Amino acid sequence: MDILFTGLLLGGTYALIAMGLNLQYGMARIMNLANGEVLVAGGFGAFWFWTTSQVSPLLTVFVVAPLAFALNWLIYVVILRPLVKRAKSRGQLETDAILTTFGLSFVAVGVMLAVFGGDYFSYSYLARPVHFVGDTYGLNRVVAFVSAVILCGALWLWLYNSRAGMSVRAIAVAPDSARLVGINVPRLSALAFALGGAITAMGGALVSMFLTLDASTGVIFTLKALIIVIMGGVGDIRGTVVAALLLGVLETFVARIIDPGLTLAAAYLLFVLILLLRPQGLLGKSRS
């Protein structure tokens, strides 16, 4: 039970990291390799507000989210939309987006190094134990898990029960057909990309309560988010949650029972197995 609950808490953290990228890649069709830097920036924001004004990270998310939304909207409109317009195929768009956002990740790291410096940062918030089913867990991790559940639920409800959400899903599946029924594809693609950035920044603010970050750690989060998105199914929020929880439980099991040094190897082995057995992801639909 301890392994299960600890794994679920870890999986909730992974879900926070991966949800934004799933929106950007699955809905806006942009493979954003600067996603991890947005997460670190959200963590920097929470750290700054807490250390200077003692503002709770649970409140800081309402500041970093609109800022990240506006910034990602601007990035999409100014930098990425021209790539979308000139791309003759989805493969060409993915290649151009990967190269462009890879460069943006270096720009973001440079800006954060100039503003915040290269030191690691962390702070103590809700760092006290809570007892559940005979075991002890960190309250900050529990709060992050509950926040991940709320965010996932709200995002799923928006995508599947609102007109705008269903339109975003439509452009993810068939953008050319979506235009025929009056859907503004460029505007909704920008909305999906910006919303993904906002969710990622919120996740960064929440995980900063218990993770130590620095300006150069974004690439680690990007790789982890990419693995989870592909494992769960590109564009499927439910698949992202399932894959994140499964990965968290697996890594916890390997660390506790076998060897902590093998957790990364176990994660990539699971990733390869899913690619071989279900290339569309756990809950993704085959496009063949």
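Remember, predicted model here, so these are calculated numbers, not experimental data.
Residues Asp96 and Arg86 are in side-chain contact: their nearest non-hydrogen atoms beyond the backbone lie under 4.5 Å apart. In this structure, Leu16 and Val207 have side chains that are in contact, with non-hydrogen atoms separated by less than 4.5 Å. Under the 4.5 Å side-chain criterion, counting only non-hydrogen atoms from C-beta, Tyr14 is not in contact with Leu245. Between Thr13 and Phe210 the shortest side-chain heavy-atom distance falls below 4.5 Å. In this structure, Met231 and Val242 have side chains that are not in contact, with every pair of non-hydrogen atoms separated by 4.5 Å or more. Looking only at side-chain heavy atoms (C-beta outward), Met209 and Val143 come within less than 4.5 Å of each other. With a 4.5 Å cut-off on side-chain heavy atoms, Asn32 and Phe102 do not count as touching. Between Leu9 and Thr6 the shortest side-chain heavy-atom distance does not fall below 4.5 Å.
Hydrophobic clustering of Ile, Leu, Val, Met, Phe, Trp and Tyr side chains at less than 4.5 Å, counting indirect connections, unites Phe221 with Ile228. The cluster map of Ile, Leu, Val, Met, Phe, Trp and Tyr, joined by side-chain heavy atoms under 4.5 Å apart, puts Val107 and Val40 in the same cluster. Both Leu126 and Leu151 sit in one connected hydrophobic cluster of ILVMFWY residues. Membership requires side-chain heavy atoms under 4.5 Å apart, directly or through other members. If you chain together hydrophobic residues whose side chains sit under 4.5 Å apart, Leu188 and Val185 fall into the same group. Under the 4.5 Å side-chain contact rule for hydrophobic residues, Leu191 and Ile199 share a cluster.
The line from CD1 of Ile79 to CD1 of Ile30 is 11.0 Å long, rounded to the nearest 0.5 Å. Distance OG/Ser208 to CH2/Trp48: 14.5 Å, rounded to 0.5 Å. Rounding to the nearest 0.5 Å places CZ of Phe49 at 10.5 Å from CG of Leu59. Separation of atoms CG (Leu246) and CD1 (Ile274) is listed at 6.0 Å; rounding is to 0.5 Å. Distance check, rounded to the nearest 0.5 Å: OG of Ser167 to CG of Asn184 gives 10.0 Å. The OH atom of Tyr25 sits 10.0 Å away from atom CG of Leu33, with the distance rounded to the nearest 0.5 Å.
No donor-acceptor distance shorter than 3.5 angstrom exists from the side chain of Thr217 to the backbone of Leu213, with no hydrogens or angles considered. Put simply, the side chain of Ser53 never gets that close to the backbone of Val55: no donor and acceptor are under 3.5 Å apart. When atom types are taken as modelled, the side chain of Thr101 and the backbone of Leu104 share no donor-acceptor pair closer than 3.5 angstrom. With hydrogens and angles disregarded, a donor-acceptor distance shorter than 3.5 Å links the side chain of Asn72 to the backbone of Ala68.
The ring of Tyr125 has its center closer than 6.0 angstrom to the ring center of Trp50. Note: Phe116 and Phe121 fail the aromatic proximity criterion, with ring centroids not under 6.0 Å apart.
Between Trp156 and Tyr160, the ring-plane angle classifies as parallel under the 30° and 60° cut-offs.
The heavy-atom pair separating Leu21 from Thr200 by the smallest distance is N-OG1, 4.1 Å. Across all their heavy atoms, Leu206 and Ser147 have their closest contact at CD1-CB, 3.5 Å. Closest heavy-atom contact between Ala65 and Met202: CB-CG, 3.6 Å. When every heavy atom of Cys152 is checked against every heavy atom of Met19, the shortest pair comes out as SG-SD, 2.9 Å. Of all non-hydrogen atoms in Gly42 and Val64, the two that sit nearest each other are O-CG1, 4.3 Å. Minimum heavy-atom separation, Ser105 to Glu37: CB-OE1, 3.4 Å.
Side-chain atoms of Tyr76 and Gln24 include no donor-acceptor pair closer than 3.5 Å. Side chains of Asn35 and Thr222: no donor on one and acceptor on the other come within 3.5 Å.
The pair Glu251-Arg256 does not meet the salt-bridge criterion, since no charged nitrogen lies less than 4.0 angstrom from a carboxylate oxygen.
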- Item | side chain to side chain contact (heavy atoms under 4.5 Å, CB included) assessment of Leu226 paired with Met31 | CA-CA 9 Å; Leu226 182 59; Met31 172 66 78; 3.3 Å; yes
